[in-house]
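Within every chain, numbering begins at 1; the chains are lettered A, B, ... in the order of the sequence lines, protein sequences first and strands thereafter.
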Number of protein chains: 2
Amino acid sequence: MKARIVVTLKTGVLDPQGKAIEAALKSFGIESIEGVRQGKVFDIEVAATDRAGAEATLKTACEKLLANTVVENYAIEIA
Amino acid sequence: MKARIVVTLKTGVLDPQGKAIEAALKSFGIESIEGVRQGKVFDIEVAATDRAGAEATLKTACEKLLANTVVENYAIEIA
């Protein structure tokens with residue numbers, strides 16, 4: 001079963017990397033960018049017979065390794 | 001206008017980072033993971049009056065900076 005996990009910074013958490021990307025885009029002449037926040041995406045193949053099983057596995061993966069839940073949110077999308 | 005850009009490695013391009021994450025998940029006892037590929041996500045706020053304008057700006061941003069189109073694909077989703 002294919003799934004995608006998107007990990008993004010929580011609102012209010014500073015994102016210097018996003019700011020740097022925004023500045024770089026502007027220096028390339030792309031002026032209409034008003035904000036950039038960078039996150040991570042994981043495309044994962046899970047061995048599971050049902051969606052609920054896959055979701056439980058992926059939730060554990062997020063909590064244990066993929067996301068730092070103090071400062072990051074995660075979203076699980078199962079295809 | 002809010003948009004999300006997802007940058008992923010093209011099929012066939014090796015992803016050692018993904019392999020390392022897969023191994024780490026297995027070492028945490030999450031055995032049902034069969035594959036992981038990591039990508040990047042950018043949440044971008046664009047000043048544009050219409051979707052076509054925003055899409056054109058974001059395409060330029062991807063081609064110039066956000067994605068290495070030799071080894072990466074990008075997808076633009078405008079909210």
Separation between [atom1] of [X] and [atom2] of [Y], rounded to the nearest 0.5 Å:
X	Y	atom1	atom2	value
B:Lys2	A:Glu34	NZ	CD	9.5 Å
A:Phe42	B:Ile33	CZ	CD1	11.5 Å
B:Ile30	A:Leu66	CD1	CG	7.5 Å
A:Leu58	B:Ser32	CG	OG	8.0 Å
B:Phe28	A:Leu65	CZ	CG	5.5 Å

Is [X] linked to [Y] within one hydrophobic cluster, defined over Ile, Leu, Val, Met, Phe, Trp and Tyr using a side-chain heavy-atom separation of less than 4.5 Å?
X	Y	result
B:Val7	B:Ile44	yes
B:Ile5	B:Val46	yes
B:Ile78	A:Val41	no
A:Leu9	A:Val70	yes

Proximal component of A:Ala61, with respect to chain B [non-hydrogen, under 4.5 Å]: both

Proximal component of A:Val6, with respect to chain B [non-hydrogen, under 4.5 Å]: side chain

Selection from A:Glu31, A:Met1, A:Arg37, A:Glu22 maximising heavy-atom pairs under 4.5 Å formed with chain B: A:Arg37

Interface residue of largest heavy-atom contact number with chain B, from A:Ala48, A:Ala47, A:Ala54, under 4.5 Å: A:Ala47

Chi angles and distances behind the side-chain contact (heavy atoms from CB on, under 4.5 Å) call for B:Thr8, A:Arg4: CA-CA 11 Å; B:Thr8 49; A:Arg4 168 165 283 184; 3.6 Å; yes

Exceeds 12 heavy-atom contacts within 6.0 angstrom, atom NZ of A:Lys19: no

Greater than 12 external heavy atoms within 6.0 Å of A:Lys26's NZ: yes

